[in-house]
Undergrad: 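Mind having a look at this structure? Questions to follow.
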Amino acid sequence: MEARMSSNPTSDLTALIRTIPDFPKPGIQFRDITTLLADGDGLRDLTAALAEIARPLDPDLIVGIEARGFILGAALALSIGKGFVPVRKKGKLPGKTVGIDYVLEYGTDRLEMHEGQVPQGSRVLLVDDLIATGGTANAAAQLLREQGAIVLMALFAIDLPALGGIAALEADGVAARAIMTFDGH
Ligand SMILES: O=P(O)(O)OC[C@H]1O[C@H](OP(=O)(O)OP(=O)(O)O)[C@H](O)[C@@H]1O
Ligand SMILES: Nc1ncnc2[nH]cnc12
């Protein structure tokens with residue numbers, strides 16, 4: 001079985017994910033969420049599945065990672081009545097920022113957020129569409145912790161367990177869950 005659901009929503013969300021081989025480079029099976037986003041029932045059911053996990057945690061804020069984490073994070077925030085804070089790639093935010101450099105497969109990148117937007121001691125839920133190696137989510141969680149936030153959980157629509165991202169987050173003490181799981185890279 002190539003794809004699995006961790007819960008049981010009314011529509012088969014995995015069937016709404018389109019897989020595009022060899023994008024953006026040979027050997028990568030790109031898991032494209034735009035086909036799910038364009039399906040009204042799918043978007044509603046995915047948001048409901050995220051909300052079912054998020055609501056009992058009662059976060060103060062939802063923090064979403066650019067770019068696809070903005071779409072799902074904002075949908076989730078709206079659905080559970082919480083505010084949304086964006087973590088962006090470098091140079092995009094207009095106000096004073098705090099940031100973190102992190103290592104990619106080739107070279108480094110930087111994530112930033114507005115200073116003071118996540119108050120010290122706030123309980124936050126980190127959201128992104130997909131976790132692969134976990135490098136991006138790990139950097140975002142570290143940045144949030146450096147600001148004094150408590151990262152209740154990192155929550156994803158899709159996990160690629162072959163790449164070990166959830167295990168890496170949990171090894172760093174960040175609880176992590178995903179709605180769907182896909183085999184392979
Ligand atoms: O677990 P990792 O190995 O860090 O990979 C996962 C990250 O990669 C993708 O984003 P991408 O950098 O492609 O940006 P985008 O959302 O702007 O397309 C995805 O949305 C995650 O943020
Ligand atoms: N296989 C993949 N599909 C979609 N987004 C990704 N980000 C990192 N790996 C990915």
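For ligands, and for the atoms within them, numbers begin at 1 and follow the listed sequence.
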Undergrad: May I ask you to identify, for D128, whether its side chain, its backbone, both or neither come under 4.0 Å of ligand 1 on a heavy-atom basis?
TA: side chain
Undergrad: May I ask you to identify the nearest protein heavy atom to atom 3 (N) of ligand 2, giving residue, atom name and distance to one decimal place in Å?
TA: R31 N, 2.9 Å
Undergrad: Would you mind checking which non-hydrogen protein atom is closest to atom 4 (O) of ligand 1, with the distance to 0.1 Å?
TA: T136 OG1, 2.5 Å
Undergrad: Starting from atom 16 (O) of ligand 1, locate the nearest protein heavy atom and write down its residue, its atom name and how far away it is, to 0.1 Å.
TA: A67 N, 3.0 Å
Undergrad: Nearest protein heavy-atom contact for atom 6 (C) of ligand 1: which residue, which atom, what distance?
TA: L130 O, 3.6 Å
Undergrad: Would you check if L111 and Y102 make a side-chain contact, meaning some heavy-atom pair closer than 4.5 Å?
TA: yes
Undergrad: Can you measure from CD (Q120) to CD1 (I150) and round to the nearest 0.5 angstrom?
TA: 10.0 Å
Undergrad: Any idea which protein heavy atom is nearest atom 17 (O) of ligand 1, and the distance to it?
TA: K89 NZ, 3.0 Å
Undergrad: Hey, is the main chain of L130 close enough, under 3.5 Å, to the side chain of R68 for a donor-acceptor pair?
TA: no
Undergrad: Around atom 19 (C) of ligand 1, find the nearest protein heavy atom and jot down its residue, atom name and distance.
TA: D129 OD1, 3.4 Å
Undergrad: With distance as the sole test, does E66 use its side chain to make a donor-acceptor pair with the main-chain N or O of P86 at under 3.5 Å?
TA: no
Undergrad: Just jot down the ligand 2 atoms closer than 4.0 angstrom to any heavy atom of Q29, in number order.
TA: 1 (N), 2 (C), 3 (N)
Undergrad: Have a look at ligand 1 and work out which part of T133, if any, has a heavy atom under 4.0 Å from it: side chain, backbone, both or neither.
TA: both
Undergrad: In terms of heavy-atom contacts, does CZ of R145 have more than 12 from other residues, nucleotides or ligands at under 6.0 Å?
TA: yes
Undergrad: Could R177 and E52 be called an ion pair, given the rule that one side-chain N must be under 4.0 Å from one carboxylate O?
TA: no
Undergrad: Kindly say whether D32 contributes a backbone atom to a donor-acceptor pair with the side chain of T35 at under 3.5 angstrom?
TA: yes
Undergrad: I'd like to know whether ligand 1 has G134 as a neighbour, heavy-atom separation below 4.0 Å.
TA: yes
Undergrad: Any idea which atoms of ligand 2 are less than 4.0 Å away from a heavy-atom of L160?
TA: 1 (N)
Undergrad: Kindly identify the option in L130, D32, I17, I20 whose heavy atom sits closest to atom 7 (N) of ligand 2.
TA: L130
Undergrad: Honestly curious: do L13 and I17 fall in one hydrophobic cluster under the side-chain, below-4.5 Å linking rule?
TA: yes
Undergrad: Judged by atom type as modelled, is there a donor-acceptor pair below 3.5 Å linking the side chain of D60 to the main-chain atoms of R123?
TA: yes
Undergrad: Closer than 4.0 Å to some heavy atom of R68 - which atoms of ligand 2 meet that?
TA: 4 (C), 5 (N)
Undergrad: From the options K89, R110, K90, select the one residue that forms a salt bridge (Lys or Arg N to Asp or Glu O under 4.0 Å) with D101.
TA: R110
Undergrad: Going by heavy-atom distance to atom 9 (C) of ligand 1, choose the closest among R31, R68, E66.
TA: R68
Undergrad: Students should be able to answer this: which protein heavy-atom is nearest to atom 5 (O) of ligand 1, and at what distance?
TA: A132 CB, 3.7 Å
